[in-house]
Number of protein chains: 2
Amino acid sequence: MMSMKCKYAIKALVRLGQRFGQGYMQTKDISEKEQIPKKFLEQILLELKHARMVNSKQGLGGGYCLVKHPKDISVADVYRLFDGAIALVPCVSLNFYEKCDDCKSENDCMFRPEFIKIREGAREVMSKTSIHSFLQHAKKQSKKKK
Amino acid sequence: MMSMKCKYAIKALVRLGQRFGQGYMQTKDISEKEQIPKKFLEQILLELKHARMVNSKQGLGGGYCLVKHPKDISVADVYRLFDGAIALVPCVSLNFYEKCDDCKSENDCMFRPEFIKIREGAREVMSKTSIHSFLQHAKKQSKKKK
DNA sequence: TACATTATCTACTTGTTTGATAGAATTTAT
DNA sequence: ATAAATTCTATCAAACAAGTAGATAATGTA
């Protein structure tokens with residue numbers, strides 16, 4: 001399961017993705033539309049900014065905007081930023097690797113090969129799902145209404 | 001990432017799997033071989049018993065044994081028992097489903113289809129990885145030594 | 001029967017993380 | 001100057017993780 005923070009981040013990115021290339025969108029606006037506590041969302045957007053996924057501008061008419069194309073922001077990226085490793089155990093993580101304290105030799109470990117397979121399974125599907133993927137469904141919805 | 005509890009459970013099940021069909025193995029034995037705090041392991045084995053994955057016997061010569069074949073205990077089973085849902089969000093979970101409070105209609109939700117794909121990706125690989133899968137690697141190791 | 005051995009059960013502890021809230025400071029357009 | 005927006009830091013309550021403690025119950029053996 002992902003944290004609320006991560007879920008909120010994805011929702012916010014999708015909102016920003018809908019207005020990609022069309023200027024800034026304010027925290028208040030996203031907060032109201034997605035039912036995210038404003039103060040909490042501020043922190044999230046700030047983290048996204050520090051991770052160079054969004055850009056911002058202060059003052060009147062300011063707000064946030066995507067700095068990358070929605071196709072270039074994956075669920076894996078967002079998950080790693082807020083919730084850390086995708087792998088089930090640190091010793092097979094690509095981005096958050098940590099050595100096992102108990103295991104003597106990684107090459108002889110009976111757990112790693114299988115945990116690597118699981119990581120790859122999860123990583124692949126999370127990497128190929130992007131903010132754009134979600135937006136595709138939003139498009140379908142508006143077509144339906146017509 | 002999985003909890004230590006879940007990781008310990010898998011390790012314990014693998015140990016029991018090595019002696020599958022050969023009687024009982026004691027907590028103390030597993031605890032020492034896998035470097036798991038004994039008292040903590042007791043709780044874990046008890047939970048596994050309540051989930052009908054292992055069986056036990058008290059008194060001298062007692063201990064724990066697998067009640068299912070190692071091929072029939074998947075990482076998904078163990079993960080669900082200790083860490084809960086495999087899905088990233090409750091509203092697409094098969095075993096721990098919870099309705100979204102914000103989302104009006106699940107059919108029109110732009111997030112569900114993608115989150116279902118991710119769940120299926122993770123679920124598939126975790127379901128097909130069993131205690132037996134880990135044991136295959138242990139066999140290879142002992143062959144190597146010869 | 002007494003005893004040692006093993007699992008069973010319940011409660012507790014300690015530290016960390018999660019999901020927020022609060023408020024002051026800073027930047028910017030008008 | 002002022003209003004509107006982000007930025008930054010601190011704080012908080014509740015839940016969770018990882019582990020400890022101790023009493024109880026079942027069982028085989030001497």
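Below, read A as the first sequence line, B as the second, and so on, with proteins coming before strands; counting in each chain starts at 1.
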Checklist entry - Are Asp29(A) and Lys33(A) within salt-bridge range, i.e. N to O under 4.0 Å? => result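 Salt bridge: yes.
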Next on the checklist: Regarding Glu32(B) and Lys38(B), does a basic nitrogen lie under 4.0 Å from an acidic carboxylate oxygen?
Outcome noted: no
Checklist entry - Is Tyr64(A) touching bases, backbone alone, or none of the nucleic acid, heavy atoms closer than 4.0 Å? => result sugar-phosphate
Between [options], which nucleotide gets closest to the side-chain atoms of [X]?
X        : options                  : answer
Tyr8(A)  : dA20(C), dT5(C), dA29(C) : dA20(C)
Gln26(B) : dA7(C), dT21(C), dT5(C)  : dA7(C)
Leu60(B) : dT5(C), dG19(D), dC8(D)  : dT5(C)
Lys49(A) : dT7(D), dG19(C), dA11(C) : dT7(D)
Lys57(A) : dT8(C), dT28(C), dT7(D)  : dT28(C)

Checklist entry - Cation-pi between Lys49(A) and Tyr64(A): NZ/CZ under 6.0 Å from ring centre and within 45° of the ring axis? => result no
Item to check | Lys38(A) NZ - dT7(D) C1' separation (whole Å) | outcome: 12 Å
Checklist outcome for this item: To the nearest angstrom, the CD-C1' distance between Gln43(B) and dC9(C) comes to 10 Å
Item to check | Heavy-atom side-chain contact between Ile73(A) and Ser130(A) under 4.5 Å | outcome: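 No, their side chains stay 4.5 Å or more apart.
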Kindly say whether, by distance alone, the side chain of [X] makes a donor-acceptor pair under 3.5 Å with the base of [N]?
X        : N       : result
Glu42(A) : dT21(C) : no
Lys39(A) : dG23(C) : yes
Gln58(A) : dT6(D)  : yes

